[in-house]
Amino acid sequence: MRRLAVPLLLVALVAACTRGADEEPAPRRAAAGAGPGGEPAPFDFGRPLAALALDPDDVARRLGSFEWTAGIEWTFVRQGDDAQRVRAVERHRVRQAATGDFDVSAEVDPGLGPGSDAGKDVIWAGGVTYARARYAPWRVRPTDRGRDARLFRDESFSAPAALLRLCGAVTATPAGEVTALGRAARRWRLSLDASATAPPAAAPARPAGAPEPDEDTRRRLAFLEGRVPTSLDGELVLDATGAPLRVRLAAAFGVRGEPKVRATVELAAQVKGLGGEVPAILPPKAPLPDERKPAGVANALDAAGLRKRVEEKPARAEPVDDADERE
């Protein structure tokens with residue numbers, strides 16, 4: 001029986017997507033969030049979708065400290081004699097302080113039954129990264145220096161933009177003014193651009209010499225390369241500074257060559273609190289030290305009298321990974 005293509009995370013799917021031709025390169029997008037001196041650059045409301053390219057640091061320059069949550073629900077259905085239905089749910093939360101510290105949580109239930117859910121929490125506080133997998137203890141990550149912590153944060157926060165990239169050409173239609181979190185805001189309705197003729201960007205070609213993808217990855221790539229957006233209904237609410245306060249998306253996709261397969265996704269993301277409503281970002285209590293090599297291996301070598309022999313052998317020089325250097 002052929003299995004459905006089930007994404008483990010929206011951001012994992014979209015990471016393989018090629019950016020749209022009209023999307024600015026990452027350095028320019030980041031620079032667009034702040035003007036000289038770090039103040040937020042004026043926002044161009046003629047391009048409302050550009051607000052979804054702002055990262056949490058950009059948004060904090062506009063709103064101050066904020067808390068943001070998102071829920072994403074994927075449903076894949078195959079009709080016919082081999083009928084199947086799989087539902088995957090993601091939950092994301094970002095607490096961003098105006099000081100630059102942040103706390104991120106992401107979890108996913110891939111719809112594979114009890115015990116299949118997974119997640120990760122990351123804190124960047126006081127210039128130090130702390131991380132844990134779901135159900136695991138907190139550990140200090142002194143070699144990270146915030147790099148991977150920010151990447152993890154930005155992947156969660158960019159989920160709405162990632163879904164819109166899957167949809168291809170999107171139209172934003174002004175839909176009046178509203179109030180959100182007690183602030184005056186502007187609203188847009190989002191839909192597929194019926195005038196667009198080019199299909200959404202496909203996944204990039206696999207680099208020469210790269211290993212063959214595993215079965216799960218092949219199914220996800222098959223969806224990315226063969227997806228056909230069939231509908232999109234959504235709304236985008238922006239603060240007067242251009243910061244996104246609320247995003248709602250409901251999209252449906254067919255798959256080329258798979259007429260019995262249909263995928264739907266619903267996303268709801270919003271800023272939940274501002275300023276003093278946002279709890280302070282603090283390091284976790286009693287985090288464990290960073291442990292890349294299990295102590296059990298070293299103990300076993302000691303007990304067998306082998307560790308000293310291994311250490312006495314001339315070591316071959318190996319390249320040093322900056323990310324793994326100890327401070």
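Excluded from the calculations below are hydrogen atoms, water molecules and symmetry mates; all remaining heavy atoms, backbone and side chain alike, are included. These figures come from a predicted structure and were not determined experimentally.
Sequence neighbours left out, the pairs with a member in residues 249-270 that pass ring-ring contact (aromatic ring centres under 6.0 Å, His included) are F223-F253.
With contacts defined as side-chain heavy-atom distances shorter than 4.5 Å, the pair R134/K120 does not qualify. Residues L63 and D239 have side chains in contact (heavy-atom distance under 4.5 Å, counting atoms from C-beta outward). Under the 4.5 Å side-chain criterion, counting only non-hydrogen atoms from C-beta, L52 is in contact with P244. Within the 4.5 Å cutoff, side-chain heavy atoms of V170 are placed close to those of L49. Using a 4.5 Å heavy-atom threshold, the side chains of P40 and T241 count as separate. Put simply, the side chain of L249 reaches to within 4.5 Å of the side chain of L164, judged on heavy atoms. Within the 4.5 Å cutoff, the side chain of L238 has no heavy atoms near those of the R246 side chain. Counting heavy atoms from C-beta outward, W138 and I123 have side chains that approach closer than 4.5 Å.
Smallest separation of non-hydrogen atoms from G242 and A51: O-CB, 3.3 Å. For the pair V237 and R187, the tightest heavy-atom approach, listed with the atom from each and the gap, is CG2-CG, 4.2 Å. For the pair P160 and A269, the tightest heavy-atom approach, listed with the atom from each and the gap, is CG-CB, 4.3 Å. Here the closest non-hydrogen pair linking V104 and S156 is CG1-OG, 4.2 Å. Between S116 and D109 the shortest heavy-atom distance is OG-OD1, 3.9 Å. Among all heavy-atom pairs drawn from C167 and L232, the shortest one is SG-CD1, 4.2 Å.
Looking at E258 and R78, a side-chain N of the basic residue comes within less than 4.0 Å of a carboxylate O on the acidic one, giving a salt bridge.
Atoms OG1 and CG, on T171 and L192 in that order, are 8.0 Å from each other to the nearest 0.5 Å. Rounding to the nearest 0.5 Å gives a distance of 13.0 Å between NZ of K272 and CG of L245. Once rounded to the nearest 0.5 Å, the distance linking CD of E107 with CZ of R91 reads 5.5 Å. In this structure, CZ in R62 is found 11.5 Å from CG in D57, a value given to the nearest 0.5 Å. Rounded to the nearest 0.5 Å, atoms CG (L54) and OG (S158) are 12.0 Å apart. Taken from OG1 in T230 to CZ in R262, the straight-line distance is 5.5 Å, to the nearest 0.5 Å.
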Under the criterion side chain to side chain contact (heavy atoms under 4.5 Å, CB included), I'd like the reasoning laid out for Q270 against T69: C-alpha separation, chi angles, the key distance, then a yes or no. CA-CA 6 Å; Q270 60 183 322; T69 63; 4.3 Å; yes
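Cluster membership check: L166 shares its hydrophobic cluster with V255, using side-chain heavy-atom separations under 4.5 Å among Ile, Leu, Val, Met, Phe, Trp and Tyr. Taking hydrophobic clusters as Ile, Leu, Val, Met, Phe, Trp and Tyr residues chained together by side-chain heavy-atom distances below 4.5 Å, V59 shares a cluster with L181. Linking ILVMFWY side-chain heavy atoms closer than 4.5 Å, directly or via other members, places V128 and V122 in two distinct hydrophobic clusters. Each of F152 and V140 belongs to its own hydrophobic cluster when Ile, Leu, Val, Met, Phe, Trp and Tyr are linked at side-chain heavy-atom distances under 4.5 angstrom. In the hydrophobic cluster analysis, where Ile, Leu, Val, Met, Phe, Trp and Tyr join through side-chain heavy atoms closer than 4.5 angstrom, F45 is grouped together with L236.
A distance-only check finds no donor-acceptor pair linking the side chain of R147 to the backbone of D144 [under 3.5 Å]. For the pair R139 (side chain) and P289 (backbone), a donor-acceptor distance under 3.5 Å is present. Judged by distance alone, the side chain of S65 and the main-chain N or O of A98 form a donor-acceptor pair under 3.5 Å. A side-chain donor-acceptor contact under 3.5 Å links R145 to the backbone of T143.
Aromatic ring centres of W74 and F76 lie closer together than 6.0 Å.
Partner of R95 under the salt bridge (Lys or Arg N to Asp or Glu O under 4.0 Å) criterion, chosen from D101, D103, D121: D103.
Geometrically, R141 does not engage Y130 in a cation-pi contact defined by less than 6.0 Å to the ring centre and at most 45° from the axis.
Looking only at atom types and distance, the side chain of R153 has a donor-acceptor partner in the side chain of Q96 under 3.5 Å away. For Y135 and D117, the side-chain atoms include at least one donor-acceptor pair closer than 3.5 Å.
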